[in-house]
Amino acid sequence: MGSLDDAVALIGQARRIAIVAHSSPDQDAIGSLLGLGLALETVGKRVALLCDDPVPRLLRFLPGSDRVHSALPADFTPDLLVSLDSSDTDRLGRVAQPLLEGGIPVLNVDHHVTNVNYGTVNLVEDRASAAEVLLPLLDALAIPLTRDVATCLLAGVVGDTRSFSTANVTADTLTAAVRLVEAGADLAYVTEMALNRCTVNALHVWGLGLSALQLEDGVLWTAIPLESRRRMGLVGVGSNKLSSMLIGAVEANVAAVFEEQPGDQVEISFRARPGYEVASLALSLGGGGHPLAAGCTLEGSLDEVVQRVVGLLKAQVAQPTGEEG
Ligand code: AMP
Ligand code: MN
Ligand code: MN
């Protein structure tokens, strides 16, 4: 039996399903969480929608976003755990850990090359978003797409592909989007709401990052100290894909944004231009991602992490993949 059949069997047997998206959720994590949850409810499953961190403010337009919680409701005893868009169990956060140890089956639905296949069943496919992996699963379960489900899934597709512009977009991605639009999702609305908008605070964080750019040997990077963020009242505001902007610089073969976080942690977002890759480096540092977009969180002071990782990036740039994607 292929993993799609196995996944269908697991969901078919389950009645109360806990669904967890990765911490620090993006559009794909939240869109997949809500899309799958709402879809399963239409066929009578009970679901708990879980994420360690709250739904980002700009994604609260998505139907069902007020139902995401960081703890399992007391009266909910799941008989299946579904994880979404997460290549390892750490990234699922604290809310998932007791469930992972609770003896129930785990269905791991993901699209990262770095996925370590931690599920009882692993529906891990090389697609442009987790939402795109969910669509054949819903088809196989014979669950019709409602407008709300389609809207949530389209937010995942549009977010992870930056509006169909990333190197991993295929004809299948576009076909999936057509189906979601046919089911009632509004592409322009979803793109505006889930991708194009940002807050002024996020722009201030960009300003901090852009004012400290460094370029050496094809590596373009910036580091955002916690102190400068504190001074401007920007603690907790993400850099919102600044790395995607940096890799647009023609001088850069790889780009990185280092964000110092409380507790001696440094979050790193990597990007590569086609012909280079950053997934293996992110994986070796305990993170994960895709060839052209990856990330990790490291412990240590900002200066020492930047120095170490920029050295590794320079070594990476010295070894192009020879591929155009
Ligand atoms: P970002 O730079 O946040 O847009 O993330 C780019 C890609 O790397 C996404 O596919 C993320 O899921 C993945 N990623 C980012 N941070 C981590 C992490 N700490 N662990 C695993 N994967 C990550
Ligand atoms: Mn994600
Ligand atoms: Mn994703």
Side-chain angles (χ1 to χ4, degrees), residues 19-36 51-53 55-56 59 83-93 96 108-116 118 123-135 152-163 165-169 173 176 194-195 198 202 205-206 209 221-222 224 237-247 254-259 261 265-272 277-299 305 309 313:
I19 314 176
V20 187
H22 65 73
S23 50
S24 305
D26 51 18
Q27 300 96 329
D28 192 30
I30 296 298
S32 296
L33 178 65
L34 300 176
L36 178 64
C51 184
D52 242 19
D53 297 303
V55 175
L59 294 179
S83 68
L84 294 170
D85 198 33
S86 187
S87 55
D88 60 48
T89 54
D90 280 353
R91 194 150 163 77
L92 291 172
N108 163 19
V109 180
D110 188 32
H111 68 121
H112 292 93
V113 283
T114 52
N115 195 289
V116 295
Y118 52 84
L123 188 58
V124 178
E125 293 185 4
D126 185 12
R127 304 270 180 174
S129 62
E132 193 184 328
V133 180
L134 284 175
L135 205 52
C152 295
L153 295 182
L154 191 61
V157 175
V158 165
D160 263 20
T161 63
R162 298 176 58 229
S163 192
S165 65
T166 53
N168 54 4
V169 170
T173 314
L195 186 67
C198 69
V205 173
W206 278 37
W221 79 93
T222 189
I224 303 174
V237 181
S239 75
N240 194 25
K241 317 276 175 190
L242 174 59
S243 55
S244 295
M245 183 192 201
L246 299 193
I247 199 60
V254 299
V257 174
F258 298 83
E259 290 182 77
Q261 304 291 347
Q265 305 265 320
V266 180
E267 260 178 41
I268 315 173
S269 172
F270 297 112
R271 294 293 183 271
E277 68 90 25
V278 282
S280 55
L281 177 61
L283 183 64
S284 74
L285 294 172
H290 310 283
L292 304 186
C296 63
T297 302
L298 296 184
E299 252 178 56
V305 168
V309 175
L313 285 168

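All ligand and atom numbering here is 1-based and tracks the order in the structure.
- Numbered from 1 in the order shown, with element, the atoms of ligand 1 that lie under 4.0 Å from a heavy atom of S269 read 1 (P), 2 (O).
- Of the listed residues (H290, K241, M245), just one forms a side chain to side chain contact (heavy atoms under 4.5 Å, CB included) with R271, and that residue is K241.
- Ligand 1 places these atoms under 4.0 Å from at least one heavy atom of G289: 8 (O), 13 (C).
- The shortest distance between side-chain heavy atoms of L36 and V109 does not fall below 4.5 Å.
- Using a 4.0 Å cut-off between heavy atoms, R271 contacts ligand 1 through its side chain alone, with no backbone atom that close.
- Between S284 and L281 the shortest heavy-atom distance is OG-O, 2.8 Å.
- Residue, atom and distance of the protein heavy atom nearest to atom 19 (N) of ligand 1 are C296 CA, 3.5 Å.
- Set against the non-hydrogen atoms of G287, the atoms of ligand 1 under 4.0 Å away are 20 (N), 21 (C).
- Distance alone, capped at 3.5 Å, places no donor-acceptor pair between the D28 side chain and the V157 backbone.
- Residue contacts with ligand 1: D85 is placed with no nitrogen or oxygen under 3.5 Å of a nitrogen or oxygen of the ligand (distance criterion only).
- At a cut-off of 2.8 Å, H111 is counted among the residues with an N, O or S atom near the Mn ion (ligand 3).
- Of all heavy-atom pairs spanning V257 and S239, the tightest one is CG1-OG, 4.0 Å.
- The closest heavy-atom contact to atom 22 (N) of ligand 1, among the options S23, G288, S243, comes from G288.
- You'll find the side chain of V309 stays beyond 4.5 Å of the side chain of W221, heavy atoms only.
- Residue contacts with ligand 1: G295 is placed with a nitrogen or oxygen under 3.5 Å of a nitrogen or oxygen of the ligand (distance criterion only).
- Across all their heavy atoms, D85 and A29 have their closest contact at OD2-N, 3.6 Å.
- At least one donor-acceptor pair under 3.5 Å links the side chain of S23 to the backbone N or O of R91.
- Distances from ligand 1 to the non-hydrogen atoms of H22 include no value under 4.0 Å.
- Among all heavy-atom pairs drawn from C296 and A282, the shortest one is CB-O, 4.1 Å.
- Residue contacts to the Mn ion (ligand 3): D28 brings an N, O or S atom closer than 2.8 Å.
- Some N or O of K241 is nearer than 3.5 Å to an N or O of ligand 1, by distance alone.
- A distance-only check finds no donor-acceptor pair linking the side chain of E125 to the backbone of R127 [under 3.5 Å].
- The atom of D85 nearest to the Mn ion (ligand 3) is OD1, with the search restricted to N, O or S atoms.
- Counting backbone and side-chain atoms alike, D26 contributes no N/O/S atom closer than 2.8 Å to the Mn ion (ligand 3).
- For D160, the N/O/S atom at the shortest distance from the Mn ion (ligand 3) is named OD2.
- Between H111 and N168, the side chains place no donor N or O within less than 3.5 Å of an acceptor N or O (distance only, hydrogens not considered).
- Among all protein heavy atoms, the one lying closest to atom 11 (C) of ligand 1 is R91 NH2, 3.7 Å.
- Taking each heavy atom of A131 and S32 in turn, the nearest pair found is N-OG, 3.2 Å.
- Taking any N or O of H290, backbone or side chain, at least one lies under 3.5 Å from an N or O belonging to ligand 1.
- From the protein, the heavy atom lying nearest to atom 12 (O) of ligand 1 is H112 NE2, 3.0 Å.
- Atoms of ligand 1 found under 4.0 Å from any heavy atom of A293, numbered from 1 in the order shown, are 6 (C), 7 (C), 8 (O).
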